[in-house]
Q: 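Pasting a structure here, questions to come.
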Amino acid sequence: MRGLAALVLLAASAVAEVPRFDDMSVRIPAHVYEGGWEFFVGGGVAALDCSANGLPDLVLAGGAGPTLLLRNQGGFAFVPELLDLTDVTGLYPLDIDGDGVLDLFVLRVGPNVVLRGLGACRFEDATAALGIDPGDAWSTAFTAWWDEGADRPTLFVGNYVDRDDPDGPFFACDDNQILTPEKGAGWRARRLSPGFCPLSALAARDARDRMSLRLSNDRHYYVRGGHEQMWDIADARFLGPEDGWPELMLWGMGIARHDITGNGLGDVYLTSMADQILQLAQEDGSYRTAPFEMGHTAHRPFTDDDGRPSTGWHAQWGDVTNNGRADLFVAKGNVDQMPDLAMVDPNNLLMQGPDGRFTEVAHLAGLADGARARGAALIDLDGDGRLDLVVVNRRAPARLYRNATEDMGNWLAVALRQPGANAFAMGARVAIKGTRQWQDVTVGGGHAGGQAGPLHFGLGRARAAQLEVTWPDGLQTSHDIATVNAAMTITRPE
């Protein structure tokens, strides 16, 4: 196995190290995430194949303005459609009702909305019909997980500042909400307290290899007495210092999870106002802050001479040259006019080298846009195996970029399906044997938006692969892949 991994890494070294992206924003209508102070945060992107043509369609939050659906026709041609839905902060695709069709959970300032997928990119408001409490809060974070034996997922909604608190907005973080499916129909709503103004949430296996709910919270409004949170799902309790969980205080914005060290555990990148942190998962169940020398911090703008700190929002790992190593995109932008933070704060594209260090290439790749970025999606939009990019901006038009890198490595795009309610296999893991690469099927993380689609793997110059799938109930299956550079669907065997 070690020999095969070495060959894969050696083959990957021949792949281009600096990608090239072409700005294709003229292919979509000007779309702006706008509104007052309640829309300083949010501005997410949902990516899902609602048209069933094998390509991801996009739904862009508009804040106080309209929500935009972009139906992907291939070849970077999109049919725009405005959805009759405003006050939207974020959107997450998942199969909420367990019917095998993707739906959208829509976060809003005010009552949230569940849009049931009807096929052909048609949706209907099914919030009341499904028995889901929409709340009436300022919702800014979302994640979901599938408990064993359940016929529908458990949903988490993170709420920001309590707008009804007369003493707010500071020290006025609202309670969060967990929606658990009832037997038969409906969801039972319960509060998760204390809330510390989360802007991102992710349900996934932690460094202890247990399912946990990680919350990244905005210190700007909890001010003191709060911290980042980790809630053990099985034990239904928050972790504390006695569990090896430090009470870290951040101006938390986004979460991105990926195994960088190759120890089989998910490392976590946290974006923030004034700092970006990479937490490396340790085999003793704890996290260690990665050293500054790794080059991941992106704590100040890398262009011009503005020495004020950066503000990071959406972060996402992805192998943009298919060399077998995950790179990192970080959307940046001032909250609005905060004078202590950089005003022109270009997005980052950090390329991971063979030694695990990261190098900034956004200015070389054509991605160093200085607009106030918020949500984003790093995703293959045209099925050519190259990860493209869409970015939503506050008070500026959204950007669309095509990955036009020429010397790309080989790749695989892997989707999972299984019979029963959890048709999209939430909670499953796909690993490439002989390498350190694996990815989980999760919903959440990032900032205000998520993706439901194939898992993308870069293979370098490798021309074959062996996949190991760990299904949600623990069943493991192996799959020999003789043809690479293809999208495939693996169906769980009977």
Side-chain angles (χ1 to χ4, degrees), residues 2 5 9 12 143 200-217 227-232 238-272 274-299 310 312-320 323-330 348-360 378 429-432 435-440 442 444-447 455 457-458:
R2 292 180 179 177
L9 290 175
T143 189
S200 188
L202 179 63
R205 292 194 171 274
D206 60 21
R208 305 169 304 156
D209 199 31
R210 289 176 60 91
M211 281 296 295
S212 294
L213 168 62
R214 175 186 281 265
L215 305 180
S216 193
N217 299 314
H227 47 79
E228 299 285 281
Q229 292 170 294
M230 185 80 91
W231 191 73
D232 187 290
F238 284 110
L239 302 185
E242 67 278 7
D243 303 293
W245 176 254
E247 294 185 348
L248 181 66
M249 299 178 70
L250 294 177
W251 287 267
M253 307 292 194
I255 301 171
R257 173 177 174 266
H258 198 87
D259 183 4
I260 298 303
T261 63
N263 64 358
L265 301 172
D267 308 306
V268 178
Y269 193 82
L270 303 173
T271 61
S272 170
D275 202 1
Q276 328 300 324
I277 294 176
L278 175 60
Q279 291 189 320
L280 302 177
Q282 306 296 298
E283 294 181 2
D284 64 0
S286 65
Y287 290 89
R288 176 175 63 86
T289 300
F292 177 83
E293 291 75 18
M294 283 185 67
H296 63 281
T297 55
H299 58 294
S310 285
W313 297 90
H314 182 89
Q316 187 175 341
W317 298 98
D319 187 351
V320 298
N323 63 7
R325 298 187 298 270
D327 312 301
L328 180 65
F329 173 80
V330 183
N348 299 104
L349 182 61
L350 300 168
M351 302 293 292
Q352 184 184 178
D355 61 354
R357 296 173 186 263
F358 293 88
T359 303
E360 180 63 67
L378 192 62
R429 174 170 295 187
V430 178
I432 301 180
T435 76
R436 303 188 303 179
Q437 290 200 72
W438 58 268
Q439 295 183 53
D440 289 345
T442 59
H447 179 70
L455 304 174
F457 292 93

Q: Output all residues satisfying side-chain contact (heavy atoms from CB on, under 4.5 Å) with Ser272, sequence neighbours left out; order by chain, then residue number.
A: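 Ser272 satisfies side-chain contact (heavy atoms from CB on, under 4.5 Å) with Leu250, Trp251 only.
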Q: So, do Phe329 and Val320 sit near enough that their side-chain heavy atoms are less than 4.5 Å apart?
A: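 Answer no - side chains too far apart.
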Q: How would you list, by chain and number, every residue that makes a ring pair (Phe, Tyr, Trp, His ring centres under 6.0 Å) with His227, sequence neighbours excluded?
A: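 His227 satisfies ring pair (Phe, Tyr, Trp, His ring centres under 6.0 Å) with Phe196 only.
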Q: Mind checking whether Ile260 and His296 have side chains closer than 4.5 Å, heavy atoms only?
A: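 The answer is no, as the side chains (C-beta and beyond) never meet within the 4.5 Å cut-off.
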Q: What distance do Arg205 atom CZ and Thr442 atom OG1 have between them, rounded to the nearest 0.5 Å?
A: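 Output value for this atom pair is 12.5 Å.
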Q: Where do Ala315 and Tyr269 come nearest, in terms of heavy atoms and distance?
A: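 Looking at all heavy atoms of both residues, the closest pair is CB-CD2, 3.9 Å.
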Q: With Phe358, which residues qualify under ring pair (Phe, Tyr, Trp, His ring centres under 6.0 Å), at least two apart?
A: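 Phe358 satisfies ring pair (Phe, Tyr, Trp, His ring centres under 6.0 Å) with Trp317 once adjacent residues are dropped.
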Q: Taking side-chain contact (heavy atoms from CB on, under 4.5 Å) as the test, write out the residues that go with Ser200, two or more places apart.
A: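 Listed in chain order: Ser216, Ile255.
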Q: Name all residues meeting the salt bridge (charged side-chain N to carboxylate O under 4.0 Å, His left out) criterion together with Asp259; count only those two or more places apart in sequence or in a different chain, and write none if there are none.
A: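 Asp259 satisfies salt bridge (charged side-chain N to carboxylate O under 4.0 Å, His left out) with no other residue.
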Q: Holding to salt bridge (charged side-chain N to carboxylate O under 4.0 Å, His left out), I want the full list of residues that pass it with Arg257, two or more places apart in sequence or in another chain.
A: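 For Arg257 the salt bridge (charged side-chain N to carboxylate O under 4.0 Å, His left out) partners, ignoring immediate neighbours, are Asp440.
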Q: Taking the side chain as everything from C-beta on, heavy atoms only, tell me whether Phe292 gets closer than 4.5 Å to Thr297.
A: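 Touching, per the 4.5 Å side-chain cut-off.
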Q: Got a sec, which residues hit ring pair (Phe, Tyr, Trp, His ring centres under 6.0 Å) with His314, two or more places apart in sequence or on another chain?
A: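 None.
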Q: Enter the distance from Gln352:CD to Asn323:CG here, rounded to the nearest 0.5 Å.
A: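 Separation between the atoms: 8.0 Å.
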Q: Which atom names give the shortest non-hydrogen contact between Leu213 and Ala201, and what distance separates them?
A: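 Scanning both residues, the minimum pair turns out to be CD1-CB, 4.3 Å.
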Q: Within this structure, what is the CE-CG distance for the pair Met253 and Leu270, rounded to the nearest 0.5 Å?
A: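 Taking CE in Met253 and CG in Leu270, the distance rounds to 12.0 Å.
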Q: Under the salt bridge (charged side-chain N to carboxylate O under 4.0 Å, His left out) test, which residues partner Asp206, sequence neighbours left out?
A: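 With neighbours one apart ignored, the set is Arg208.
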Q: With sequence neighbours excluded, what pairs up with Asp355 under the salt bridge (charged side-chain N to carboxylate O under 4.0 Å, His left out) test?
A: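 Scan of Asp355 (salt bridge (charged side-chain N to carboxylate O under 4.0 Å, His left out), adjacent residues dropped) gives Arg357.
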Q: What's the separation between atom CG in Asp327 and atom CG in Asn348, rounded to the nearest 0.5 Å?
A: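 Going from the CG atom of Asp327 to the CG atom of Asn348 covers 12.5 Å.
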Q: Quick one: pull up CG in Asp243 and CZ in Arg210 and give me the separation to the nearest 0.5 Å.
A: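 Taking CG in Asp243 and CZ in Arg210, the distance rounds to 9.5 Å.
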Q: Got a sec, which residues hit side-chain contact (heavy atoms from CB on, under 4.5 Å) with Gln439, two or more places apart in sequence or on another chain?
A: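 Partners of Gln439 by the side-chain contact (heavy atoms from CB on, under 4.5 Å) criterion, ordered by chain and then number, come out as His258, Leu455, Phe457.
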Q: Taking all heavy atoms of Ser286 and all of Gly244, pick out the closest pair and write down the distance.
A: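 So the two residues come closest at CB-O, 4.4 Å.
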Q: Using 0.5 Å steps for rounding, measure from the CD atom of Gln282 to the CG atom of Asp267.
A: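 If we round to the nearest 0.5 Å, Gln282:CD and Asp267:CG are 8.0 Å apart.
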Q: Does any pair with a residue in residues 277-287 pass salt bridge (charged side-chain N to carboxylate O under 4.0 Å, His left out), and if so which ones, sequence neighbours excluded?
A: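 Passing the test, one end in residues 277-287: no pairs.
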Q: Please tell me if the side chains of Met230 and Leu215 come closer than 4.5 Å, counting only heavy atoms from C-beta onward.
A: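 Not touching, per the 4.5 Å side-chain cut-off.
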Q: Determine the minimum heavy-atom distance between Asn263 and Ala281, stating which atoms define it.
A: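 Taking every non-hydrogen atom into account, ND2-O, 2.9 Å.
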Q: So does Gly458 get a backbone contact from the side chain of Gln437, meaning a donor-acceptor N/O pair under 3.5 Å?
A: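 It does hold such a pair.
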Q: Restricting to pairs with a member in residues 285-295, which pass salt bridge (charged side-chain N to carboxylate O under 4.0 Å, His left out), not counting sequence neighbours?
A: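 Sorted pair list comes back empty.
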Q: Do Gln279 and Arg214 make a side-chain contact, defined as non-hydrogen atoms from C-beta onward lying under 4.5 Å apart?
A: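 Yes - at least one pair of side-chain heavy atoms lies under 4.5 Å apart.
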Q: Might you point out which heavy atoms bring Gly295 and Leu350 nearest each other, and give the distance in Å?
A: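 Here Gly295 and Leu350 meet closest at O-CD2, 4.0 Å.
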